Amino acid sequence: MKLKIAVLPGDGIGPEISKQGVAVLDAVAAKFGHSFEYTFGHVGAEAIDLTGNPFPDETLKICQDADAVFFSAVGSLKYDNDPTAKVRPEQGLLAMRKSLGLFANIRPIQIFDQLSHMSPIKEELLKGVDFVCIRELTGGMYFGEKYRDNDRAYDTNAYTRVEIERILKVAFEYAGKRRKHLTVVDKANVLDSSRLWRQIAQEMAPQHPDITVDYMFVDNASMRLVQDPAFFDVIVTENTFGDILTDEASVISGSMGLLPSASLGTGTPLFEPVHGSWPQGAGLNVANPLAQILSAALLLEHFDLMQEAALVRKAVDESIRQCVRTPEIQEPGKPKYGTTDIGAWIVDFISK
Ligand code: IPM
Ligand code: MN
């Protein structure tokens, strides 16, 4: 298969993990006789430094011309601590999601048995944990009308029927392919936007009689995630709730550095780690590249390259099993491997 892939390394640890992800894709291409062609683009703080824009037109063009976007991370301390900054790296990511129509963010939460003792959750609660968060990504407060003066500010949590229906459709499809249990997370006891979500979900549910649908307030869902994570199969929720709940869900596995995600919609699909740019770790060769490498597996699966993706997943599992791990998930007394060591080990495993 021929694929054109737009590679956007971004900021912080982004370039280091991106390199390992691309090396893994190259190893897969060589092994299975595919041709992956990469075009590199600028995004985030590094794009602001170069062009003044966190998502330059040229990057948009590169993404639009590609079959997939392989993205890493944006964000920089310089902007985090400056609420007055007029342009921010994160705007690049938001502009990219919006302009590519990527309304569905798919974040699978998976437990690695070898790492379950590192989870902040008791091991006995982790049995059977395997769920997917489906986060709406181009609506809600992130994109609603905004205002700020010195004394007053607001962000509007606006959703249209069309936006809600299309993300719920994705969620019902995922649930249908999995354990057929969908949890719609909202705050319908307080918010009108949530009441519309719940109303539309209730309208759609009878068309999916095989799926058990339950409705949960977001505060309750955040509690349930740590009390009984095995309860969940597919969670669907709006943009801001999804942002918060997926960070919470991501640490259940023991390290945020393990979780990939896919953003899908009307334009070029995008694959990226759930974690951010970790500026403090940049350049130290300590960042865990596995979330980026598993994002490559999601990319391969998206194009139905199932055998290829399975080999990537096997290589990742095996690296963890053999304790070829970055410091944050390494066992005491075992050597600490760097970002490049993990990438090289996985490339080697795939190429054998
Ligand atoms: C995420 C991130 C982004 C978000 C930031 C970097 C804008 O936290 O992908 O979850 O809030 O959506
Ligand atoms: Mn987030």
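Computed from a predicted model, the values in this text were never measured in an experiment. Whatever order the structure lists them in is the order used to number ligands and atoms, beginning at 1.
Considering backbone and side-chain N/O of Glu272, none are found under 3.5 Å from N/O of ligand 1. Taking only nitrogen or oxygen atoms, main chain and side chain alike, Arg97 reaches within less than 3.5 Å of ligand 1.
At least one cation-pi condition fails for Lys169 and Phe172: the charged atom is not both under 6.0 angstrom from the six-membered ring centre and inside a 45 degree cone around its axis. Relative to the six-membered ring of Phe271, Arg107 misses at least one condition, a distance below 6.0 Å or an angle of at most 45° to the axis. Taking the ring centre of Phe143 as origin, the terminal cationic atom of Lys98 falls inside the region bounded by 6.0 Å and 45° from the ring axis. Annotation: cation-pi pair Arg224/Phe231 present, NZ/CZ under 6.0 Å from the ring centroid and within 45° of its normal.
Checking Asp130 against Gln110 by side-chain atom types alone, no donor-acceptor pair falls below 3.5 Å. Looking at Glu16 and Asn285, their side chains never bring a donor and an acceptor atom within 3.5 Å of each other.
In this structure, atom 10 (O) of ligand 1 lies nearest to the protein heavy atom Asp243 OD1, 3.0 Å. Here the heavy atom of the protein found nearest to atom 6 (C) of ligand 1 is Glu90 CG, 3.6 Å. Closest to atom 4 (C) of ligand 1 among all protein heavy atoms lies Tyr142 OH, 3.5 Å.
For Asp243, the N, O or S atom with the smallest separation from the Mn ion (ligand 2) is OD1.
Each of the following atoms of ligand 1 lies closer than 4.0 Å to a heavy atom of Arg135: 1 (C), 4 (C), 9 (O), 10 (O), 11 (O), 12 (O). Distances below 4.0 Å separate heavy atoms of Arg107 from the following atoms of ligand 1: 1 (C), 9 (O), 10 (O).
The aromatic rings of Tyr38 and Phe40 are tilted relative to each other, their planes meeting at an angle between 30° and 60°.
Among the atoms of Asp247, no N, O or S atom is found under 2.8 Å from the Mn ion (ligand 2).
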